[in-house]
J.: 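Take a look at the following structure, please.
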Amino acid sequence: MDRDLTKLRNIGIAAHIDAGKTTVSERILYYTGKTHKMGEVHEGTAVMDFLEEEQERGITIQSAATTCPWRDYIINLIDTPGHVDFTAEVERSMRVLDGAIAVFDGKEGVEAQSETIWRQATKYDVPRLCLVNKMDKVGADFDFSFKSIVERLGAPAVAVQLPIGQADTFKGIIDLVRQVAIYYSLNEDDKGNKWEEKPIPAEEKARVEKWRHDLIEKVAETDEILTDKYLHGQEIGEAELKAALRRATMSFKLHPVFVGSALKYVGIQPLLDGIIDYLPSPLDLPPVKGHDVDDDQVILERKPDTKEPFCGLVFKIVNDQHGDLTYVRIYSGRLERGARVLNTNRDKKENISRLFQMHAQDRIAMDVAEVGDIVAVIGIKDAITGDTLCDMDYPILLERPTFPEPVISMSIEPKSAGDKQRLGEALTTLKREDPTFQARYDEETGQTVISGMGELHLEILRNKLIRDMKVDVLVGRPKVAYKETIAGTALNIRGKHVKQSGGRGQYGDCTINIEPFDGIDRTTGKPFEPEVLKKLGWKDSFAFENKVFGGSIPKEYIPSIEYGCRMAAKTGVLAGYPMINVKVTLTDGSYHTVDSSQVAFELAGSLAFKEACQKARATILEPIMKVVVTTPEDFVGNVTGDLNRRRGVIVNSDQRGNTRIVEAEVPLSEMFGYTTELRSMSTGRASSVMEPLKYAPVPNNIRTQILEENK
């Protein structure tokens, strides 16, 4: 008998660092009976933070998956990191989730990373609930936090709960849908298992009336029948309200806002009810779309049904001593232990030797997994994050998640000859695990260079090499991952490679135009449609268009010219950095019936590209970071002065009580070791977060400096 998919929820918890995601996850595990002892992040005992590095630092580094029951439903839960250096973990989780809970700090409201996770959820069409957490914290302010969700995220938020008191007076919540006040026993020993429902107290009636009126009005706007009832002053029942709010949540018209304090055990059970009531099951979502392996234009669908052919998406790979664990979200059909499946991205057949349901680092063996499940499998050899696994007779390619480019790099070398081979193997493993990690061998310096999303990211990876993979390495200082681009256009640039030295010669000749291009339509300001970019050969921020017609170059040599241009772009023309945001148009050329070859045209393409870039004013780009500093008023002058000294531009400064939130755009090259310096200039009272924002041209003096260093 097929199970009831309406009883399944695949959800993730995401938030800015320190908003309390992992504590919320721990409480959910406890109340659903998945754990019998509650873990605490600050004690290093959280179930979902099981890596040694996570327990030492008190932060989440990799997403952890678990499955837990609530009422007669099953919830697959993924706890994601909040630190921007591990944004890939959030990205890949959002790609496979059906719903998410965005957690906000009750005092801080929307913070820098809150905006990033919100954008990621929007990108993958993930319906969300909001939880204003830490309502017991000094300075907690529900009205401020709610307003920040509406204003800073531009989100159609609607409160379904209100706090009773806040900060040290916080003692419960008011349910606006059921119109009851819930008072929790704040006795530590009760651990949130005891509460009392009472009528709404008289002093809260006016406030409740205002917020409930707002709730009913916003929900009624999304539903014609309720609009009619609302306009005619008819009572809207609890079941009707919930059903309409569920539909509005799933269609992104509304985001219900809950309140609580995970640390004080308040509000987690109603949040679990909210997950069931308002977030979608796999059946509520449209069929997953993919395309034909041989033809991108042919769109294929797979319904969430066990009778459909199997298809699933690999969204995470974890290195394990017993064989790599490959995490798969199943979108259709069934996956059995021992099955053979097709990896359509690599055109390889893979064996599913073992199948597990995960609970953080613990695993429960399974014989069969079905549509809607999130499972880990052993036996897959060649898959990487974003690959599609499917029935061998019914191939399909699902959309891959996209990841940001690394912004920081450092050199790394083995301490001994014995470590050399192990280092190569370890780096290959890390690259499979982490799509934002890159490693390459620099022929000129003889060093291996690793790149990642930030100093913490590289530090964690280095520790992983030494501690988990037992590879002793020496590391250099972190360096900025610069890029190159062009500032102008160059037309009719010829690249000619001719070599005659006895025997068969080499002849390749091409003419190209080059221009700046970043994939954005200048007339609308929006990115071009994927089909348009595909026709323009857009890949790795580089477009190549062939406009040679009439046979001046035979068709078989066109890909060689493109390859030559792309290879030249990878190493740049100024200082060896990759060239981005460039479009090459092939306009003309000539060939020799005997001496022309693919290699000759590759070299011709490379020569033309390098000369064209020089004529189009090649320039160096540096990563600019969005930096948000929270500082007491006393140190604002120090902080802004220091940011200006670092070539920063202050873009916003907000007052919140007696603290100031300073937002700036600062080049990454000026931000190494910033956290330590900020602590010393503010006697430890200011904090900061930063995330990659954009690339911008470097000033002339810095450009000269970079060119000198890279001679």
J.: Sorted by first residue and then second, give each salt bridge (charged side-chain N to carboxylate O under 4.0 Å, His left out) pair with at least one member in residues 545-556; sequence neighbours left out.
T.: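 Every pair satisfying salt bridge (charged side-chain N to carboxylate O under 4.0 Å, His left out) with a residue in residues 545-556: E545-K583.
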J.: What's the separation between atom OG1 in T448 and atom CE in M410, rounded to the nearest 0.5 Å?
T.: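 Rounded to the nearest 0.5 Å, the OG1-CE separation comes to 12.0 Å.
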J.: What's the verdict on side chain to side chain donor-acceptor pair (under 3.5 Å) for S281 and D284, showing C-alpha distance, side-chain angles and the deciding distance?
T.: CA-CA 5 Å; S281 75; D284 293 314; 3.2 Å; yes
J.: Of all residues at least two apart in sequence or in a different chain, which pass the side-chain contact (heavy atoms from CB on, under 4.5 Å) check with F672?
T.: I408, E455, P478, V480
J.: For residues 564-574, which side-chain N or O atoms pair as donor and acceptor with protein atoms under 3.5 Å away, sequence neighbours left out?
T.:
from	atom 1	to	atom 2	distance (Å)
R566	NE	E562	OE2	2.9
R566	NH1	K539	O	3.1
R566	NH2	G537	O	2.5
R566	NH2	E562	OE2	3.1
T571	OG1	A568	O	3.4

J.: Of all residues at least two apart in sequence or in a different chain, which pass the side-chain contact (heavy atoms from CB on, under 4.5 Å) check with E301?
T.: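 E301 satisfies side-chain contact (heavy atoms from CB on, under 4.5 Å) with P287, K289 only.
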J.: In chain order, what residues pass the ring pair (Phe, Tyr, Trp, His ring centres under 6.0 Å) check against F517, with sequence neighbours excluded?
T.: F528, W538
J.: Filter on side chain to side chain donor-acceptor pair (under 3.5 Å), then keep only pairs touching residues 597-611, sequence neighbours left out; what's left?
T.: E611-K615
J.: Can you list everything that forms a side-chain hydrogen bond (donor to acceptor under 3.5 Å, both in side chains) with R494? Sequence neighbours excluded, please.
T.: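 Listed in chain order: D509.
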J.: Could I get the full list of ring pair (Phe, Tyr, Trp, His ring centres under 6.0 Å) partners for Y695, not counting sequence neighbours?
T.: none
J.: Under the side-chain hydrogen bond (donor to acceptor under 3.5 Å, both in side chains) test, which residues partner S669, sequence neighbours left out?
T.: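 Expected list: R647.
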J.: Taking only distance into account, with no hydrogens and no angle test, what donor-acceptor pairs under 3.5 Å do side-chain atoms of residues 149-158 form with protein atoms, sequence neighbours excluded?
T.:
from	atom 1	to	atom 2	distance (Å)
R152	NE	E115	OE2	3.3
R152	NH1	V110	O	3.0
R152	NH2	E115	OE2	2.5

J.: What residues form a side-chain hydrogen bond (donor to acceptor under 3.5 Å, both in side chains) with H497, not counting sequence neighbours?
T.: Q506
J.: With sequence neighbours left out, what residues match R432 under side-chain hydrogen bond (donor to acceptor under 3.5 Å, both in side chains)?
T.: D324
